[in-house]
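The structure appears below as structure tokens.
Because the structure is a prediction, the values reported are computed rather than measured. The analysis underlying the following values was restricted to heavy atoms, covering all of them including side chains, and did not include hydrogens, waters or symmetry mates. Each chain gets a letter, A, B and so on, in the order the sequences are listed, and its residues count up from 1.
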Amino acid sequence: PFLPCVNNVDIEEYLNQPDVKTALHIPDFITQKWTLCNPELAAIYTNLYNTTIPLFQTLLPNYRALLYNGDADIVCNFLGDQKFVEELGQPVLGNRRAWRYRTQVAGFVKEYKQITFMTVKDSGHMVPQVTPGPALQMITNFLNNKP
Amino acid sequence: RPAEDEVKNLPGVAGPLSSKQYSGYLKGSGTIRLHYWFVESQTDPKNDPVILWLNGGPSCSSLEGYLSELGPYWVNSYGNKTLSVNDDSWTKVANVIFLESPAGVGFSYNENKNYTTDDDQTAENNLLALEDFFQKFPNMASNEFFIAGESYAGIYIPTLAVKVMKTQINFKGFAIGNGFVDAKVLSETKVEYAYYHALIGESLWKRYQTTCGSSSKPSTECAQLKREINELIEHSGINPYDITGDCNGSYSNSDLASISILDFMDPEASVGTVSKKFPGYRSPFLPCVNNIDIEEYSKKFPGYRS
């Protein structure tokens, strides 16, 4: 399977209903079934980047970045993204610390100049799905440039 | 705002929508048309920032982001084809564009049916679509603009961002969740992660260290071992996207992965050995099958470790 252990049946059934397609203004000539991913397209897709470090180095002087990881995901695991952020070599702004959602520890965060790395505790690959409350707090603070 | 794109109602939602929504197509290069679903902020659309959200893959649809992650409505389970309100939608604080990209994903298409593409072409088409969005929604042009996404969007986002920075778009920053940002680092740490979360045992970990640890030059044996570990992690029934969560979908096309687990386990803990010692015991690694109360079993057989 393209996405092992991910159940997408409900979304596919919903989006393939004619009245939903009408509501979303999908033209009639799109007869192909909507699927969550397209493995055939993935098979002919050409990956050009093994690393995005040069791109981050171009962006970080002028733009803020947040890298966050649900810490229960192994596919794009937090250890790798944490190491990636360290390798960017941005000046460290403070010690790694716990962050909280309401009264509970919701993960750990480390801030660097222009980039923040944070984990979301016991969340998976799809953070806003598994831990929606902490995810909303996280993105709200990022948008508002708050710690 | 393009009146023809406005979503007046959504099947499965009773009553009016929580904020204005639009769905239609944005122009990529040539005959490429990318489907977008735009949800205005539920709080202050005029002043709240605009977020472009991209799911990964490559080839996965951002409508998953809408319907099961950060959108205002989630699809309910069990096939009843209804939606429920997401109280923690990111549309509480932002205007969010969900873009299906590249062409061939979801409802997006290319009139000439050519779906061959790469990272740079995808970024270029995403930029063109974004510029078309701001043509359609000039009322959003002065709002702060962010790009966010997850997984393979770790490639989509920075490749797009370096193009956006050269435009007049009011770009402020980007957020990446569980991002694929560096293949080598992720591959190496995946094995570490598996070991430190007890997904692989001592013997396999030692084999990995011996085979892959000492040389900077990757060997065939190391590559083979990594493939085996990867197979074990992603097709064993443990949900690789959420190892403490349930395995909700299918996980393997065959029983091979289950069999290979036995090969990887430490000999003293192998199912064969345990089964002989404790007749009736069934492996807790049987994917998604919870037919044994491990705690009770441990009480009955002190010293037993799965």
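Contacts between A:Gln137 and chain B at a heavy-atom distance below 4.5 Å are absent for every atom of the residue. Contacts of A:Leu143 with chain B are made by both backbone and side-chain atoms, with heavy-atom separations under 4.5 Å. Using a 4.5 Å cut-off between heavy atoms, A:Phe56 contacts chain B through its side chain alone, with no backbone atom that close. For chain B, the nearby part of A:Asp71 is the backbone; its heavy atoms alone come within less than 4.5 Å. Proximity to chain B (any heavy atom under 4.5 Å) is restricted, for A:Ile139, to the side chain, taken from C-beta onward. Of the atoms belonging to B:Tyr22, not a single heavy atom falls under 4.5 Å from chain A. Residue B:Ala103 touches chain A through its backbone alone, counting heavy-atom pairs closer than 4.5 Å. Residue B:Tyr109 touches chain A through its side chain alone, counting heavy-atom pairs closer than 4.5 Å. Only the side chain of B:Val75 comes within less than 4.5 Å of a heavy atom of chain A; its backbone N, CA, C and O stay farther away. Neither the backbone nor the side chain of B:Ile147 comes within less than 4.5 Å of any heavy atom of chain A. At a 4.5 Å heavy-atom cutoff, the contact between B:Ile51 and chain A is made by side-chain atoms alone. With a 4.5 angstrom heavy-atom cutoff, B:Glu150 touches chain A only via side-chain atoms. For B:Gln121, no part lies under 4.5 angstrom from a heavy atom of chain A.
Most heavy-atom pairs under 4.5 Å with chain A, from the set B:Val185, B:Leu10, B:Ile176: that is B:Ile176. Between chain B and the residues A:Val127, A:Leu36, A:Thr140, the largest count of heavy-atom pairs under 4.5 Å involves A:Leu36. For the set A:Ser123, A:Ala135, A:Ala72, the entry with the most heavy-atom pairs within less than 4.5 Å of chain B is A:Ala72. With respect to chain A, the highest number of heavy-atom pairs below 4.5 Å among B:Ala148, B:Ser187, B:Ser77, B:Gly56 belongs to B:Ser77. Ranked by heavy-atom pairs under 4.5 Å with chain A, the list B:Val105, B:Thr122, B:Asp120, B:Thr82 is led by B:Asp120. Per-residue heavy-atom pair counts under 4.5 Å with chain B were compared for A:Leu48, A:Leu67, A:Ile44, and the maximum is reached by A:Leu48. Of the listed residues (A:His125, A:Glu13, A:Glu40), the one with the most heavy-atom contacts under 4.5 Å to chain B is A:His125. The candidate with the highest count of non-hydrogen atom pairs below 4.5 Å against chain B, out of A:Arg64, A:Glu87, A:Met138, is A:Arg64. The candidate with the highest count of non-hydrogen atom pairs below 4.5 Å against chain A, out of B:Ile157, B:Leu63, B:Asp87, is B:Leu63. Each of B:Glu188, B:His197, B:Glu4 has some count of heavy-atom pairs under 4.5 Å with chain A, and the biggest count is that of B:Glu4. When the candidates A:Asp122, A:Asn145, A:Val9 are compared by the number of heavy-atom contacts under 4.5 Å with chain B, A:Asp122 comes out ahead. Ranked by non-hydrogen atom pairs under 4.5 Å with chain A, the options B:Ser151, B:Gly24, B:Gly57, B:Pro49 are led by B:Ser151.
Under a cut-off of 6.0 angstrom, the local environment of CD in A:Gln57 is crowded, with over 12 non-hydrogen atoms contributed by other residues, nucleotides or ligands. For A:Asn144, the CG atom is densely surrounded, since the number of other residues' heavy atoms within 6.0 Å is greater than 12. Sparse packing is recorded around CD of A:Gln32, with 12 or fewer heavy atoms of other residues, nucleotides or ligands lying under 6.0 Å away.
For the atom pair CH2 (A:Trp34) and CD (B:Glu100), the distance works out to 6.5 Å, reported to the nearest 0.5 Å. Note: B:Phe98 CZ to B:Trp53 CH2 = 8.0 Å, rounded to the nearest 0.5 Å. Distance check, rounded to the nearest 0.5 Å: OG1 of B:Thr43 to CG of B:Asp48 gives 5.5 Å. Note: A:Asn47 CG to B:Asp119 CG = 5.5 Å, rounded to the nearest 0.5 Å. Between the OH atom of B:Tyr66 and the CG atom of B:Asn86 there is a distance of 10.0 Å, given to the nearest 0.5 Å. Atom CG of residue A:Asn8 and atom OG1 of residue A:Thr35 lie 8.0 Å apart, to the nearest 0.5 angstrom.
A 4.5 Å side-chain heavy-atom check between B:Met165 and A:Thr58 finds at least one atom pair inside the cut-off. Side-chain contact between A:Leu41 and B:Pro102 is present, with heavy atoms from C-beta onward closer than 4.5 Å. Between B:Thr159 and A:Leu55 there is a side-chain heavy-atom pair separated by less than 4.5 Å. Contact annotation: the side chain of B:Tyr156 never approaches that of B:Ser62 to less than 4.5 Å [non-hydrogen atoms, C-beta and beyond].
Using non-hydrogen atoms only and a strict 4.5 Å limit, no part of residues 102-121 of chain A faces chain B. Contact annotation for residues 16-26 of chain A against chain B (heavy-atom separation below 4.5 Å, listed by residue number): A:Gln17, A:Asp19, A:Val20, A:Lys21, A:Ala23, A:Leu24, A:His25, A:Ile26. By a heavy-atom distance cut of under 4.5 Å, A:Ile74, A:Val75, A:Cys76, A:Asn77, A:Phe78, A:Leu79, A:Gly80, A:Asp81, A:Lys83, A:Phe84 are the residues of residues 74-86 of chain A near chain B, going up by number.
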Next item on the list: May I have the step-by-step check of ring-ring contact (aromatic ring centres under 6.0 Å, His included) for A:Tyr63 and B:Phe174, ending in yes or no?
Entry: CA-CA 8 Å; A:Tyr63 304 99; B:Phe174 57 101; 7.9 Å; no
Next item on the list: Please lay out, stage by stage, how B:Val7 and B:Trp37 fare under the test side chain to side chain contact (heavy atoms under 4.5 Å, CB included).
Entry: CA-CA 9 Å; B:Val7 178; B:Trp37 193 345; 4.3 Å; yes
Check: Can you list the steps and then say if A:Leu15 with A:Ile11 is a side chain to side chain contact (heavy atoms under 4.5 Å, CB included)?
Finding: CA-CA 6 Å; A:Leu15 284 172; A:Ile11 294 182; 3.9 Å; yes
Notebook entry, point to check: Which is it for B:Ser68 and A:Met126 under the side chain to side chain contact (heavy atoms under 4.5 Å, CB included) test, yes or no, and what are the steps along the way?
Noted result: CA-CA 9 Å; B:Ser68 75; A:Met126 293 86 164; 6.0 Å; no
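For the residue pair B:Tyr73 and B:Gln21, no side-chain donor N or O sits within less than 3.5 Å of a side-chain acceptor on the partner. Between the side chains of B:Asn230 and B:Lys190, at least one donor N or O lies within less than 3.5 Å of an accepting N or O. Side-chain atoms of B:Asp5 and B:Tyr25 include no donor-acceptor pair closer than 3.5 Å. Side-chain atoms of B:Asn76 and A:Tyr14 form no donor-acceptor pair, as typed in the model, at a separation below 3.5 Å.
Residue pairs meeting the disulfide (SG to SG under 2.5 Å) criterion with at least one member in residues 111-147 of chain A: none, sequence neighbours excluded.
The two atoms that bring B:Leu26 and B:Leu99 nearest to each other are CD1-CD1, 4.0 Å, heavy atoms only. In terms of heavy atoms, B:Phe180 sits closest to B:Leu186 at CA-CD1, 3.7 Å.
Counting only distance, with no hydrogens or angles, the side chain of B:Asn55 and the backbone of B:Gly65 share a donor-acceptor pair below 3.5 Å.
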